[in-house]
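Encoded as structure tokens, the structure appears first; notes follow it.
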Protein chains: 2
Amino acid sequence: MTSNSETGRRARSQGPSIATVARQAGVSTATVSRIVNGVTNKASADTIARVQKAVSDLGYRPSSAGQTLRRSESRLVALVAANLANPAMSAIAASVEVALREKGLVMVLCDSHDRPDLQDEYLLEMRAQAVQGFILLGAVDSPALKEMVEAGQSIVFVNRASPLGNGSAFVGIDNAQAGADVAEFLFGKGVQEPLVIHGSLASSATAIRVEAFQSRFMELRGRRAAVAGSDSLDHLEIGRQEVAAYIEANGRPPEGVFCLSDLIAYGAARALREAGYVPEQDCVLIGFDDNPMNDWIAPWLTSVRVPYRQFGPVIVETMLNLGSGHRAPVVELPHELVDRSDWRG
Amino acid sequence: MTSNSETGRRARSQGPSIATVARQAGVSTATVSRIVNGVTNKASADTIARVQKAVSDLGYRPSSAGQTLRRSESRLVALVAANLANPAMSAIAASVEVALREKGLVMVLCDSHDRPDLQDEYLLEMRAQAVQGFILLGAVDSPALKEMVEAGQSIVFVNRASPLGNGSAFVGIDNAQAGADVAEFLFGKGVQEPLVIHGSLASSATAIRVEAFQSRFMELRGRRAAVAGSDSLDHLEIGRQEVAAYIEANGRPPEGVFCLSDLIAYGAARALREAGYVPEQDCVLIGFDDNPMNDWIAPWLTSVRVPYRQFGPVIVETMLNLGSGHRAPVVELPHELVDRSDWRG
DNA sequence: ACAACTTGGGTAAACGATTACCCAATTGAT
DNA sequence: ATCAATTGGGTAATCGTTTACCCAAGTTGT
């Protein structure tokens, strides 16, 4: 008896297997599996009750490895972000996590640091994990990405469209409209010679926002704005350095700055302060993303609000529907320019 | 031939299996497995080369499900955070992710929202995933946690010690010292009647910091400070409401406030501004965690810096060593009170 | 020349879950 | 009473990987 009670139990750190449940309930593993999976027409009410009792007594939960092997699909979903230091990316990740849990899925979080080699490493590892899908927050072009897309994996591109072009699912905002909105706002504030500061232009989102801004600003003002920026992931420093350089070169701050992320705007504000200016008075600063903490930490920052809280459910829904529809879904959620220009400390 | 070339290939979204490699190299799966796992004394140099070529030609990577089933351990590590909206938690998560990747491990991220039921759901699901270990960023007491600890799972408690007491691995700071440091700083600034604002006291970290603060302040001043706070996860609002309530009740802002997170301090600052005060002039505000963005967005906020960048490597190292040592490791990383009280905008 | 190793590699079992298929016993129809 | 259909449930194959064990051919030692 003693040896029997241990037989078939995995190392105590692993929880009971289906065989343990089957023995406890006096049925075969097939029956347990069917009942656990809700197939009721292959067992009597009595058997079902016995099995369910055994399941709950033992705290049985199917081993993911066994299921994955059999179904060749795990409950994992990979979220590959270009830069988790960016609060906007963390916010999306947190939102996706909640949405996935509600579907019984599990989020694996990867930070590609915007590097193709790392992104590939993650994509391949995640395929080895048999993930149900990929959510790419800022994908870069890379060999494995191409392979995954061609193999028909479930992939949702978020914010930054597929570097491979056409035909992939996308969730984001109307980038062109947002860029134009900012141009109108700055022009409306009387800014004649704005500065644009961006991070990596490899991001289609950034590139489109900048281009649409320029295009609309050209219509309004008859000329294009000066542009600065770099590929660095440290947006705070980008903003700081470009504004510092501008002040150094012109002897005065720019009239207005379109910063392509809130972080760049924070950096720009710091450079202004360090040069003795007051950000909310001496320069019309526009951020992007509208960090939910802005009302608390940067109540002076006008910013384009991207509804990150809504992203999670929409992204997950999009990913789960990928099999059914035949056309790649493109979802553009509404953005809003939050005007805080009348704030006075 | 045509049918043969497809035989043994999984659905094209799944990558090649070991059998495909074996066939391609003209050996058995055992040989492939040995070579892939670095067992060189069971194959000739010639065979090794053939297999390696097949592996790289096919882009073979072992199926995680197969390995997990066999080894009864996956490459997954669960990071369960109490609140991902808190930048301190996100920062730790990002740091852990990097450290795990360097060890070939994969991070699963879960947000328990500080709820015992959700935490249990995650713990059980993660056990079903056969994770190598758990990293708990702010654990609450719950049945499954007890079960996991007793079953000898690899668990590292971060910041908040095990609610079950003694004997678990811990990574954090010297909370008592940090609390005392703040007491001395405030007293040194001439603050006679400080206010303490905290989030959930169920967190041992918070409770210890508060208690040590009070204890040291009592030594210095001969009395304890007023304490306010709530269990809400919305620290921003806690800080705002408690300071607003203080001003409402006393007709003036507190002399100084020990905020048990930076978020609470941001909220406190907002309340001050909303009441017409200037945070950096009218109140000695102390935060906790020292958000890396503070130099940019709150350059006036004195805060206790917790070295979150170092957390990832230390946590992962601690977790991986759990099997070997016989005593539960307790790692206290150095903190530092970053004094920004001389900042003038 | 013969025994004792070594080298190189194959066979098959095991891990856990699912499911197509099989089969006995019961029920229902005629 | 006989045949057909239904109910209830077991058997065994399968997914991919690892590894204990087996074995043949070659090598070394005497």
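Note that this is a predicted model, so its numbers are computed, not measured. Below, chains carry the letters A, B, ... as their sequence lines are ordered, and counting in each starts from 1.
Between the CZ atom of B:R75 and the P atom of D:dT17 there is a distance of 11 Å, rounded to whole Å. One atom, CD1 of B:I35, and another, C1' of C:dG8, lie 10 Å apart when rounded to the nearest Å. Between the CG atom of B:L69 and the P atom of C:dA13 there is a distance of 16 Å, rounded to whole Å. Rounded to a whole Å, the CG atom of B:L58 is 15 Å from the C1' atom of D:dG16. Straight-line distance from the CZ atom of B:R71 to the C1' atom of D:dT17: 8 Å, rounded to whole Å. Atom C1' of nucleotide C:dC15 and atom CD of B:Q67 are separated by 13 Å, given to the nearest angstrom. If you measure from atom CD of B:Q129 to atom C1' of C:dG16, you get 14 Å, rounded to the nearest angstrom. Rounding to whole angstrom units, CD of residue A:Q14 and P of C:dA17 are separated by 11 Å.
For B:D117, the salt bridge (Lys or Arg N to Asp or Glu O under 4.0 Å) test picks out B:R115, with sequence neighbours left out. In this structure, the side chain to side chain contact (heavy atoms under 4.5 Å, CB included) partners of B:N41, at least two apart in sequence or on a different chain, are B:V39. Considering only residues two or more places apart in sequence or on other chains, B:F311 meets the ring pair (Phe, Tyr, Trp, His ring centres under 6.0 Å) condition with B:Y308. Evaluation of the salt bridge (Lys or Arg N to Asp or Glu O under 4.0 Å) rule for A:E73 yields no partner, not counting sequence neighbours.
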Please table the atom pairs, donor to acceptor, closer than 3.5 Å between any side-chain atom in residues 105-112 of chain B and protein atoms at least two apart or in another chain.
residue	atom	partner	partner atom	Å
B:D111	OD1	B:H113	N	2.9
B:D111	OD2	B:L84	N	3.1
B:S112	OG	B:A81	O	3.4
B:S112	OG	B:D114	N	3.2

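No donor-acceptor pair closer than 3.5 Å links the side chain of B:T68 to the backbone N or O of A:A65.
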Could you list all N or O pairs between the protein and nucleotides 5-12 of chain D that sit under 3.5 Å apart?
residue	atom	partner	partner atom	Å
D:dG9	OP1	A:T47	OG1	2.6
D:dG9	OP2	A:S44	N	2.5
D:dG9	OP2	A:T47	OG1	3.1
D:dG9	N7	A:K42	NZ	3.4
D:dG9	O6	A:K42	NZ	2.4
D:dG10	OP2	A:S28	N	2.9
D:dG10	OP2	A:S28	OG	2.8
D:dG10	OP2	A:T31	OG1	2.7
D:dG10	N7	A:R34	NH2	3.0
D:dG10	O6	A:R34	NH1	3.0

